[in-house]
Engineer: 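Mind looking over this structure? Questions follow.
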Number of protein chains: 2
Amino acid sequence: MKKTRNTQKQDYVIDILTNAKHTMSVEAILKAMPIKVNKTTVYRILERFAEKGKVHFVTGEDGKAYYALCNDCNVKHEMHNHIHFQCKSCKKVTCLPYEIEVPELKDFEVQETQFLMIGICDMCIS
Amino acid sequence: MKKTRNTQKQDYVIDILTNAKHTMSVEAILKAMPIKVNKTTVYRILERFAEKGKVHFVTGEDGKAYYALCNDCNVKHEMHNHIHFQCKSCKKVTCLPYEIEVPELKDFEVQETQFLMIGICDMCIS
DNA sequence: TACACTAAAGCAACTTAGTTGCAATAATAC
DNA sequence: GTATTATTGCAACTAAGTTGCTTTAGTGTA
């Protein structure tokens with residue numbers, strides 16, 4: 001395994017995702033940063049974390065990637081088979097505590113899953 | 001309901017999707033067109049078809065939209081709860097004949113679903 | 001068949017997420 | 001303290017998708 005270093009910016013990303021109520025886009029993470037960080041840096045930090053399984057992401061219906069910390073989700077499963085919900089109005093993506101029972105596929109070697117439900121959230125419905 | 005017109009270009013899109021083995025990106029549809037068509041046109045044709053329920057799309061892990069004809073998938077269900085598979089190597093997205101049992105969500109009004117499994121397909125594994 | 005209405009198509013310019021290659025910076029090991 | 005190299009920054013780029021406006025061409029009516 002490649003050597004890694006601890007940096008302040010990586011810590012900030014973890015802090016921000018830890019305190020996040022929803023999954024976050026790179027754009028949102030950048031805005032939440034207490035110091036100025038380049039977007040490429042954030043992309044690469046998240047890429048590294050995703051490889052290590054610290055973070056997972058879903059691609060929203062809008063084509064953007066939304067990131068969240070991995071809590072117990074993949075410790076047990078190696079995969080993130082829980083559902084995400086994206087609100088069409090506010091675009092927020094939320095991790096939901098529902099696991100999907102995934103079928104065995106014959107012609108495909110499955111590495112990840114992304115289950116997304118799309119609609120309107122409570123906050124936006126009123 | 002708004003009036004619609006039948007045009008050659010719309011027919012071509014339907015033809016192409018009918019003969020497609022996989023879901024198709026707008027780029028792929030454009031390439032498959034027997035005549036020159038503007039990309040904006042294809043986007044708008046697909047948008048109209050999606051509204052009418054003739055077509056559905058999944059957002060791939062790559063953030064691109066992949067379109068497929070709706071066969072019996074939404075006639076019965078109003079939603080497209082089948083699984084899609086995207087190959088990380090060739091990027092192809094395939095509709096799979098597996099329905100997902102979706103949970104009732106309390107805080108969200110669900111309008112659509114996108115279930116994506118990601119990995120390597122048989123063709124690319126060798 | 002000719003005409004009016006307007007849906008559909010074309011065009012060009014734009015927006016934005018994400019990427020790339022390379023140079024500068026700074027953790028870590030010695 | 002110094003060397004090594006992981007990490008960050010920067011600028012330029014790519015590509016998907018959008019927007020506003022003009023032009024073209026289905027379709028209904030006379």
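Each chain gets a letter, A, B and so on, in the order its sequence line appears, and its residues count up from 1. Everything numeric in this text was worked out from a predicted model, so none of it was measured.
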Engineer: Looking at the side chain of A:Arg5, which of D:dC10, D:dT7, D:dG17 is the nearest nucleotide?
Structural biologist: D:dT7
Engineer: Give a yes/no on whether any side-chain N or O of B:Thr7 is located under 4.0 angstrom from OP1 or OP2 of C:dA9.
Structural biologist: yes
Engineer: By nearest nucleotide on DNA chain C, pick out whichever of B:Thr41 and B:Asp62 is the more 5' one.
Structural biologist: B:Thr41
Engineer: Does B:Lys64 place a side-chain N or O at less than 4.0 Å from the phosphate oxygens OP1/OP2 of C:dA17?
Structural biologist: no
Engineer: For the pair made of NZ in A:Lys36 and P in D:dG9, what is the distance, rounded to whole Å?
Structural biologist: 8 Å
Engineer: Does a side chain donor of either A:Tyr43 or A:Glu47 reach within less than 3.5 Å of an acceptor in the other side chain?
Structural biologist: no
Engineer: To the nearest Å, how far apart are B:Glu47 CD and C:dA9 P?
Structural biologist: 12 Å
Engineer: To the nearest Å, give me how far apart OH (B:Tyr43) and P (C:dG10) are.
Structural biologist: 15 Å
Engineer: Please lay out, stage by stage, how A:Glu27 and A:Lys39 fare under the test salt bridge (charged side-chain N to carboxylate O under 4.0 Å, His left out).
Structural biologist: CA-CA 8 Å; A:Glu27 195 196 359; A:Lys39 68 171 177 172; over 6 Å; no
Engineer: Between B:Thr4 and A:Asn38, which is nearer to the 5' end of DNA chain D once each is assigned its nearest nucleotide?
Structural biologist: A:Asn38
Engineer: Atom NZ of A:Lys3 to atom P of D:dA3: distance rounded to whole Å?
Structural biologist: 17 Å
Engineer: Taking atom types as modelled, find out whether B:His84 and B:His22 have a side-chain donor-acceptor pair closer than 3.5 angstrom.
Structural biologist: no
Engineer: Just the rounded figure in Å: distance from C1' of C:dG10 to CD1 of B:Ile45.
Structural biologist: 12 Å
Engineer: Determine whether a donor-acceptor pair (N or O, by modelled atom type, separation under 3.5 Å) exists between the side chain of B:Gln10 and the backbone of B:Arg5.
Structural biologist: yes
Engineer: Heavy atoms only, 4.0 Å cut-off, all strands: where does A:Ser25 land among base, sugar-phosphate and nothing?
Structural biologist: nothing
Engineer: Would you indicate which nucleotide in C:dT28, D:dA16, C:dA9 comes nearest to any side-chain atom of B:Gln10?
Structural biologist: C:dA9
Engineer: Using a 4.0 Å heavy-atom cut-off, does B:Arg44 contact any base of the nucleic acid, only the sugar-phosphate backbone, or nothing at all?
Structural biologist: base
Engineer: When the distance from CD1 of B:Ile35 to P of D:dT24 is rounded to whole Å, what number comes out?
Structural biologist: 16 Å
Engineer: Please determine whether a side-chain nitrogen or oxygen atom of A:Lys9 lies at a distance below 4.0 Å from atom OP1 or OP2 of D:dG9.
Structural biologist: yes
Engineer: Quick one, A:Asn81 with A:Phe115, criterion side chain to side chain contact (heavy atoms under 4.5 Å, CB included). Give me CA distance, side-chain angles, the key distance, then yes/no.
Structural biologist: CA-CA 7 Å; A:Asn81 296 336; A:Phe115 298 116; 4.2 Å; yes
Engineer: Would you kindly give the NZ-to-P distance between A:Lys52 and D:dA6, to the nearest whole Å?
Structural biologist: 13 Å
Engineer: Give B:Lys39 one of three labels, base, sugar-phosphate or nothing, depending on what nucleic acid heavy atoms sit under 4.0 Å from its own.
Structural biologist: base
Engineer: Among the nucleotides D:dG20, C:dA17, D:dG9, which one has an atom lying closest to any side-chain atom of B:Thr40?
Structural biologist: D:dG20
Engineer: I need the NZ-P distance between B:Lys91 and C:dG18, as an integer number of Å.
Structural biologist: 13 Å
